[in-house]
Every structure is written in C-alpha cells, then in structure tokens.
Amino acid sequence: MSATPSPTDFLAIDRLLSEEERLIRDTVRSFVTDKILPEIAGWFERGEVPRELAKELGALGLLGMHLEGYGCAGTNAVSYGLACLELEAGDTGVRSFVSVQGSLAMFPIRRYGSEEQKREWLPRMATGEVIGCFGLTEPDFGSNPAGMRTSARRDGPDWLLDGTKMWITNGGIADLAVVWARTEDGVRGFLVPRGTPGFSTRDIERKLSLRASVTSELILEGCRLPGDAVLPEVRGMRGPLSCLNEARHGIVWGAMGAARACFESALDYAKTRVQFDRPIGGFQLTQAKLADMLVELSKGTLLALHLGRMKDQGTLRSEQVSLGKLNNVREALGIARSARTILGANGVTLEYPVIRHMNNLESVLTYEGTSEIHTLILGQALTGMSAFSQSD
Ligand SMILES: Cc1cc2nc3c(=O)[nH]c(=O)nc-3n(C[C@H](O)[C@H](O)[C@H](O)COP(=O)(O)OP(=O)(O)OC[C@H]3O[C@@H](n4cnc5c(N)ncnc54)[C@H](O)[C@@H]3O)c2cc1C
C-alpha cells in the first residue's frame, strides 16, 4: 500500500504532468513563495501593485508564454495553465496581470496583427517593458459587448476614435491599449499607445476586490491614430471573443490556485485551533467542510488539466471553456467561503489569505463572462436556442 495521498494532490495529478510542465510549475511556485506571498497582504491593503513586477514576470518567461516567436516562450497550454494556477495561489491580481498581458493584449497582436505590429510590440511586451491592456467593456455594455458605442471612423489616412471603456485591468499603467471599436466595417481592434492625443485614463478607486490590480476607465475623445493602428487580420466580435476564450482557459486553472491556497490555510488552521479541548479539525462538521473542499479542488484541477490537454490538441471548443470557467470559479468561491468559516474571526483579516482570495474571486465570477452568461452559453449549446442575443 502506498502512503496516504497528499491533501493538495490527492488524486496524484502530478503524475499526469510532463517533466517540463512540473519544472515550470515549481519555478512559478517558488517565485510566488519568495516574491509575492511576503508582500501581497500589504499590496492588497494599500491597493497597489509594483510596476517592477512586470519585468520580473517577464524575466521568468510568463508574459505571452503560450505564444510562439517574437520573444515569447512558446510553451504548451497546460504549462501556461499551471503558471496561472500557481500565480493565483499567490493572488488573483498577479494572475490577472499575466492573463491580460499574454492572452488579451499580446494574443490579438500575435494572431491578428501585421508583421510590423508584431515586431514593434511583442518582444517588449514579453519582457514586461511594455504593459498592455484590453479595452472591450463599456459603461453601458458589459455582458453584451457587441452593443458597444466606441466608434472609429476614417479621417483622411487616419482613424478617429471616440468612446469610453470601463473596468479595464492595467488601464492606468498600460503603455499600449488594445481597444475594440465599431467601424463601418464591423468591430475592429486598434493599438492605442499611451500619450496619444485624445486618449486618457482614470483609475477606478474604492474596489474591495482585486485590490492588487489596477482597474481603469479608458477615455477616447477625438483620439487620432495612423491608418496602420488597426489590427488588419480580424473583423467583427470574433476578434475580442477569441481573446476572451484564451484568457478564460487561464482562469479555469487560476481559480483552482486561489481555491488551493484557501484549502491549505483552512486545513492548517483546523489542525491547530483548539476549541472544547480539541482541534476543530476533529469535529465532524469541520471534516465535512474540508472533505467537500478537497473533492471540488481535485475535480476542478482535473477539469483544468483535461481542458488544457484538449487545447494543446487543438480540439477545445469555447463552450467547453465556458463549462470550465463556470464550474471552477463557482467552486473556488465556495471553497473560499467555507474556508473563511473554519478560520472564524481570523478569517476576516489579512493575516490569512482567505478573505483576500474570496473577495478577489467575486471579480473573477463577473469578469470574462459572468457565471450567468456562461450558464446561458451552455444552455444554448444544449438546446440550440439562445436565451441571450449576441450579434456581430
Ligand atoms: C476587476 C475587474 C476587471 C475587469 N477587467 C476587464 C478588462 O481588462 N477588460 C474589459 O474589457 N473588461 C474588464 N472587466 C469587465 C467585465 O468583463 C464586466 O464587468 C463583465 O463582462 C460584466 O459586465 P457588467 O459589469 O457591465 O455587468 P452587466 O452586464 O450589467 O450584468 C449585471 C448582471 O446581469 C446579468 N445579466 C446580464 N445579461 C444577462 C442575460 N442575458 N441573462 C441573465 N443575466 C444577465 C449578469 O450576469 C450580471 O449578473 C473587468 C471587471 C472587473 C470587475
């Protein structure tokens, strides 16, 4: 008989990974232990994230790591997922930074950009010298981005952009915004460098979630861009939706990182906190909570790995990513809430990671498609009928 399974790898998922995947996972885990965990409570409390972090993440090869060429690491999707999991075990804000940079800002340039655009931006984005953001959501169009009002029209050889984007991760610190705008030719993507006249940003204050992440408004008022600022290879909502699909795959993994951190914290606490003369982990109610957390953490991690393998095989469909995002974020939030109860009063302080993860996961439940929208995507896949409309 082998030894009792480890609580954080109960199903021996580790054995399903290649040596290279394990190496990448361990490298990111060490980085999180050394550089993120000692600082994160302070960053969260003060609502800040140091800019140098971008270069450190770049030096590790984590920015655009699943993209090929132009200075990107070119790993497989599972490695990228494992990195997201480990980063989010540190904090969702750090994982969000990497997701936005790699999947939402670099991916559209790599997939839909001209050769010049790729050469100009991708190598510097891979090192973290240039920070990117992704502007799709607007004040009046969140779940229904196809209704966007931001417009781009031709003015001689140039483009003129007008509109407002809202809730944009990294907006205030970005050197380059990928902005999606309505044109007479359908929705198109534009590369808007910081400092372009008519383009400004305003940070959103007083967030109680994702505090170690900058979230901003992008304001475009007669913002003039050269004719070659448009991404040439895509038209329509297919462009931004394909980016979201990339990023959602990272979230499927990342959510399990936040869940694992909460589970570990609760398990540790349950073994040491004594009430009624014995550790609270000895009470059946606490054991039931821990067992449920273990079941969902193990299932969610297996699901992430399965979807990652499908992505690497090129067979993963967006509805399947929706299933993963819906399940793993919902279950991660459930695990965080349950862990919070095990920690009692200590569970509401930043001395422990749990309430920070719990608050962060509230944003993850909403961004990149709310849980309701992913439910409706599955409903549509099952019935062939859309309960929400999404036009191109
Ligand atoms: C911290 C954070 C960072 C973000 N980063 C980015 C970013 O980098 N770039 C970007 O473009 N966006 C970003 N977003 C925006 C995010 O994608 C949107 O918040 C999300 O799409 C939901 O839009 P909304 O907030 O306007 O909610 P709404 O769309 O107004 O939805 C409100 C509620 O109504 C429900 N609802 C809406 N339509 C339906 C329907 N048809 N049927 C049933 N229920 C429905 C929703 O599920 C939700 O519960 C970020 C958001 C947050 C919180």
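Bear in mind that the values here come from a model prediction, so they are computed numbers and not experimental data. In listed order, ligands and their atoms are each counted from 1. These values consider heavy atoms only, across backbone and side chains, with no hydrogens, waters or symmetry-generated copies.
- Trp121 meets the ring pair (Phe, Tyr, Trp, His ring centres under 6.0 Å) test with no other residue; sequence neighbours excluded.
- The aromatic rings of His66 and Phe107 lie parallel to each other, their planes meeting at an angle below 30°, with 60° marking the opposite boundary.
- Scanning both residues, Ile355 and Arg340, for their nearest heavy atoms gives CD1-CD, 4.5 Å.
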Can you list every pair where an N/O of ligand 1 is under 3.5 Å from an N/O on the protein?
| unit_1 | atom_1 | unit_2 | atom_2 | d |
| --- | --- | --- | --- | --- |
| ligand 1 | 5 (N) | Trp167 | O | 2.8 |
| ligand 1 | 5 (N) | Thr169 | OG1 | 2.8 |
| ligand 1 | 8 (O) | Thr169 | N | 3.0 |
| ligand 1 | 8 (O) | Thr169 | OG1 | 3.4 |
| ligand 1 | 9 (N) | Phe134 | O | 2.9 |
| ligand 1 | 11 (O) | Leu136 | N | 3.0 |
| ligand 1 | 11 (O) | Thr137 | N | 2.9 |
| ligand 1 | 11 (O) | Thr137 | OG1 | 3.1 |
| ligand 1 | 12 (N) | Thr137 | OG1 | 2.7 |
| ligand 1 | 14 (N) | Trp167 | O | 3.1 |
| ligand 1 | 29 (O) | Ser143 | N | 2.8 |
| ligand 1 | 29 (O) | Ser143 | OG | 2.6 |
| ligand 1 | 47 (O) | Thr370 | OG1 | 2.6 |
| ligand 1 | 47 (O) | Glu372 | OE1 | 2.8 |
| ligand 1 | 49 (O) | Glu372 | OE1 | 3.3 |

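- Taking the six-membered ring for Trp, Tyr367 and Trp167 have ring centres at least 6.0 Å apart.
- For the residue pair Asn76/Glu20, the side-chain donor-acceptor check at 3.5 Å is not satisfied.
- A cation-pi geometry, defined here as NZ or CZ lying under 6.0 Å from the six-membered ring centre and within 45° of its normal, holds between Arg154 and Trp159.
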